[in-house]
Amino acid sequence: MQRSPESDAFYRHVAQTSDSPLGLEIVSAGGSYLKMRDGREIIDFISGIAVCTLGHGHPEVVRAVQEQAARHMHVMVYGEFVQRPQSTLAQHLTSLLPDSLDRIYFVNSGTEANEAALKLAKKHTGRHRFVAFRNGYHGDTQGALSVTGRDIYRKPFEPLLPDVHFCEFNDPAAVDAITPETAAVILEPIQGEGGIIPAKQEWLRAVRERCDQTECLLIFDEIQSGFGRTGTLFAFEHYGVVPDILTMAKAMGGGMPLGGLASSSEIFRAFRVDPPLNHVTTFGGHPVSCAAADAALRVLLREGLMERATVIERTACDVLKGDAIVEVRGRGAMLGLQISDAETTRKSVAYCLNEHGILLGWTLHSDTLIRLAPPLIIDQDLLEQTLVKIRDAVDICKIQAAR
Ligand code: PMP
């Protein structure tokens, strides 16, 4: 088929991040489906990489965006004016978090949330050493990249932050790496890009205890696992381990760009004083994004979508018992299918898209994992039918790869 003018412009003028972008031309999206220019409908099983929890174009979120855009958009840099969408969202969200996380600082994206968290930890503790984890992913700006645990992505940009100590995730030895010189430990309670790897309960408790002993801060990056994806509002609730700083983004904005970090007023003091205004952002907490986020949060809670995440996990574990799927990992609707080899993985993802119109995900750090992150609103019949097709596709592609 001939390329459309838009597709042509995409390849000529939109800076690319790889030589082989998916290049699907999406003209509209609704619920669990993406609609392409040629009229084909794609079942979205990755939700814009764990963003579109409510599916696409949820009417309440769309209405909130339209109404707020008509009322006002940007009026002042973050932190100066009282803007109702921001205040409402901060109040709503903190009411759902432990008492120690009673303030939110709003930013625009995940990496910015981590950037702010690292700076906050340095200034609050007066230390500059970080403990981070192999295969952890925290974003691509220089601070977040400094604590991202994959050498191939970090090396081309070195020198980065100097004092980052990388440990194995879930390794008891990591606990000893936390010392009185450590400003903060940063980790994902369920590693996303690293291959959907949940932290072990006892290990996470031990990390928390050691942070308390050494008076360093514990940062949980829940940018991917937050907002209901794992069956609770945040994944830390499964563990009963509360961080000092919680970073969030992705699904937070209901499809609009928004990020944030939650902590205590005592810790956030570091951003207010000596000197004042030492961490500012122009667009952080954009009123339209905050209005969308509050609407999305209300829908998430009212419609019982977090419970749906648990049903999705159970259904996936029941259906995906194929020969070629080695393991189904993860929590709720943040799932990874461990495949025996990279070729079967690649072929299965392509087969699902081309033969069945099912869009599956990949991860940045693993080439033998298929990532599933369907919207939580997905209809149970569609979920089951799609999972059966995925299971059979992996079996077929495994046989093909072995030839
Ligand atoms: N942390 C985690 C755990 C993530 O999954 C991501 C995005 N994949 C980020 C941080 C970075 O978020 P953003 O792309 O919004 O900067």
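Ligands are counted one by one from 1 in listed order, and the atoms in each one are counted from 1 as well. In what follows, every heavy atom counts, from backbone to side chain, and hydrogens, waters and symmetry copies are set aside. This chain uses plain numbering: 1 for the first residue, then up along the sequence.
A donor atom on one side chain and an acceptor atom on the other are not found under 3.5 Å apart for E313 and T310. The closest side-chain donor-acceptor pair between K119 and H279 falls under 3.5 angstrom. With hydrogens and angles left out, the side-chain atoms of R329 and Q338 include a donor and acceptor closer than 3.5 Å. Side-chain N/O atoms of T315 and Q380 include a donor and acceptor closer than 3.5 Å.
Aromatic ring centres of Y153 and H365 lie closer together than 6.0 Å.
Sorted pairs that involve residues 8-63 and meet ring pair (Phe, Tyr, Trp, His ring centres under 6.0 Å), not counting sequence neighbours, are lacking altogether.
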I'd like a table of the close N/O pairs between ligand 1 and the protein (anything under 3.5 Å), one pair per line with both atom names and the distance.
| unit_1 | atom_1 | unit_2 | atom_2 | d |
| --- | --- | --- | --- | --- |
| ligand 1 | 1 (N) | Y137 | O | 3.3 |
| ligand 1 | 1 (N) | D221 | OD1 | 3.3 |
| ligand 1 | 1 (N) | D221 | OD2 | 2.7 |
| ligand 1 | 5 (O) | Q224 | NE2 | 2.7 |
| ligand 1 | 8 (N) | E193 | OE2 | 3.4 |
| ligand 1 | 8 (N) | K250 | NZ | 3.4 |
| ligand 1 | 15 (O) | G110 | N | 2.8 |
| ligand 1 | 16 (O) | T111 | N | 2.8 |

